[in-house]
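Structure record follows, encoded as structure tokens.
Since the model is a prediction, treat every value here as computed from it, not as a measurement. Counting convention: from 1, in listed order, for ligands and their atoms alike.
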Amino acid sequence: MSAPVIVVGAGIAGLVVALSAAPRPVLLICRSESDGATPLAQGGIAAALAPGDSGNAHIEDSLIAGAGCNELAALRLLAFQAPSAVAWLASHGVDFDRDATGHLRFAREGGHRCARVLHADGDATGRAIARALAAAARQAGHVQRLSGPEVGALLRRGGRIAGVEARDARGRTQRIEAGAVVLATGGIGALLARHTSPRGADGGGLALGLAAGAAARDLEFLQFHPTALAHTGPDGRLPLITEALRGAGARLLDAQGRPLMQGIDPRGDLAPRDVVARAVWRATLGGAPVWLDARRLGDELPRRFPTVFALCQAQGIDPRLEPIPVQAAAHYHMGGLRTDLFGRCSLPGLYAAGEVACSGVHGANRLASNALLEAVVFGRRLGRCLAQGECADAPAGRLRVIGRGADLSDPQPLRQLLWRGFGPERSGTGLRAGLDGIAADPALAQSWQGRLAMNLLQAALARPQSLGAHWRCDAAPDHRRAA
Ligand code: SIN
């Protein structure tokens, strides 16, 4: 039997890799059964399946959103394999929403020229996908699940990543060897003071890969979502108010009730996410509110957007009768561990999938609803590659443990520091102040979170131009996308 594969993370990317690696044995390690961004995803899966749409149109829209710096080979795979990704999900039990005539129902989101986004259970798409794939993984004889431990180190043998060191809640560590290790650990949103991510999206997998010497790419490209509900939870998380609401007719209003996007971008409320997020961010800088007015949806709102409706109700807001207060919040990391088109990192034996990976497919700003799609398209490619025996030989040599370093006991100061320096608008002065702030605090500077933050700030400092979601207010704007 070939050597097992360890997949760290059981969101959509980890589950797709694990299922696609059959019959190779897979050990799926996750911190908790429910953690991860997938169940929170309200947007759906973009796929050019509607009459009149095409893979080329999907590519063009992704390039416009990504400020033209997307990796074209990866983007072609993403757009042209989207229909088969949708079919694969359906074959694993995902029931995409249909209209009264039984045809797939397409929604529109920012940056898409037409309605192209498929949902399941309305705005609970991520939950529907996570449920279906987790059930499939439970049925799959080749997948074993280990829930609870935190992976804090990679094992290396003979120049190759050869396993992980996992620590349980009592601090006991366990070394688990493997033929290949796949990081599917999600993004970095929870490192910032305002974000839409689960607590586990703290960059831990990215930090592991960097500590082992894997190459990174585009670390400065962090996307901010324009419409997080203006109610910050204790760990900085704000509930997401899906962009599909604007696709269905909701409009952003400023404090005086005027259309926010008027005069900012001809695409209005459905401009790419970076443009709208900056407009919201600027309008709220002095403490003024910004509203998302979805009243025109009336009773359609609870039916089509049950998650948004429940989130608003939990804050005492009835979005059928009153506008929703919104803010910009960190949402998705386009950058990450550099991967090729099969999810291979620069270190033999190490792979990455989903948000922690960066093939360059999203460029400087991801097009809405391309994230779940990326996890399926590239997760399947990686899984199949592992199924064919990649890195099956047990490497020889002494086993080395490469830890990412000490944990930060209180992440709040770092979250504030990154929000100030690495937020929706950046400057050389702000980025350097962030670096100095970390260097001046020994606990911060020695923690893996502090070191990761330094990597992010340095990457942003190294790109003095504005590009996509990376907006430098001290640089001449990129006139192709100035907003
Ligand atoms: C949303 O529903 O607005 C977010 C979807 C995405 O991140 O693509």
Side-chain angles (χ1 to χ4, degrees), residues 11-13 36-47 58 61-62 65-66 70 78-79 82 85-86 97 105-112 115-130 186-189 195-198 201 221-229 237-252 269-277 280 292 294 297 301 304-312 319 324 326-334 354-355 361-377 468-469:
I12 184 171
T38 304
L40 302 178
Q42 296 174 17
I45 295 238
H58 188 178
D61 289 350
S62 303
N70 316 54
L78 185 81
V86 167
D97 295 345
R105 182 202 285 269
F106 295 94
R108 187 153 177 216
E109 292 181 13
H112 290 275
R116 179 184 287 145
V117 178
L118 294 171
H119 288 94
D121 292 351
D123 61 0
T125 310
R127 208 173 313 136
I129 292 177
I188 61 166
H195 61 86
T196 60
S197 312
F221 294 153
L222 175 66
Q223 179 172 81
F224 295 85
H225 198 289
T227 59
L229 182 62
R237 181 164 144 211
L238 285 79
L240 181 71
I241 304 294
T242 180
E243 191 160 292
L245 266 183
R246 277 175 281 135
R251 291 289 166 263
L252 284 162
D269 287 83
L270 290 178
R273 201 169 276 172
D274 60 328
V275 177
V276 186
V280 171
L292 182 66
L297 272 77
L301 202 149
R304 283 185 59 192
F305 300 97
T307 310
V308 166
F309 190 66
L311 290 169
C312 289
I324 308 166
V326 292
Q327 284 181 348
H331 181 61
Y332 184 88
H333 198 200
M334 280 72 69
E355 196 173 340
V361 67
H362 302 303
N365 176 49
R366 174 175 63 80
L367 183 67
S369 286
N370 270 354
L372 295 175
L373 176 62
E374 183 211 356
V376 180
V377 168

request  = Give the contacting part of Arg273 toward ligand 1: side chain, backbone, both or neither, where contact means a heavy-atom distance below 4.0 Å.
outcome  =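 For Arg273, the contact with ligand 1 is made by the side chain alone.
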Enumerated ligand 1 atoms positioned under 4.0 Å from heavy atoms of [X]:
| X | answer |
| --- | --- |
| Glu243 | 1 (C), 2 (O), 3 (O) |
| His331 | 4 (C), 6 (C), 7 (O) |
| Ala368 | 8 (O) |

ask   = How many angstroms lie between CG in Leu297 and CZ in Arg304, if you round to the nearest 0.5 Å?
value =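 Rounded to the nearest 0.5 Å, the CG-CZ separation comes out at 7.0 Å.
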query = Measuring from Glu374:CD to Glu355:CD, what's the distance to the nearest 0.5 Å?
reply =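 It comes to 9.0 Å.
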ask   = Is the shortest distance from a heavy atom of Ser369 to ligand 1 less than 4.0 Å?
value =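 Within the 4.0 Å threshold, so yes.
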ask   = In terms of the angle between their ring planes, are His58 and His112 parallel, tilted or perpendicular, with boundaries placed at 30° and 60°?
value =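 Correct class here is tilted.
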task = Would you tell me whether Asn70 and Ser62 have side-chain atoms, one donor and one acceptor, within less than 3.5 Å of each other?
result =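 Side chains of Asn70 and Ser62: no pair found under 3.5 Å.
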query = Is Asn370 close to ligand 1, meaning an N/O of one under 3.5 Å from an N/O of the other?
reply =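 N/O-N/O distance under 3.5 Å: no.
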Backbone N/O of Ala469 and side chain of Asn365: donor-acceptor pair under 3.5 Å =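 No, the answer is negative, given that no donor and acceptor are paired below the 3.5 Å cut-off.
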task = For atom 2 (O) of ligand 1, grab the closest protein heavy atom and report residue, atom and distance to one decimal in Å.
result =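 The closest one turns out to be Thr242 OG1, 2.6 Å.
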query = So, for Tyr332 and His362, is the gap between ring centers shorter than 6.0 Å?
reply =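 Ring centres of His362 and Tyr332 closer than 6.0 Å.
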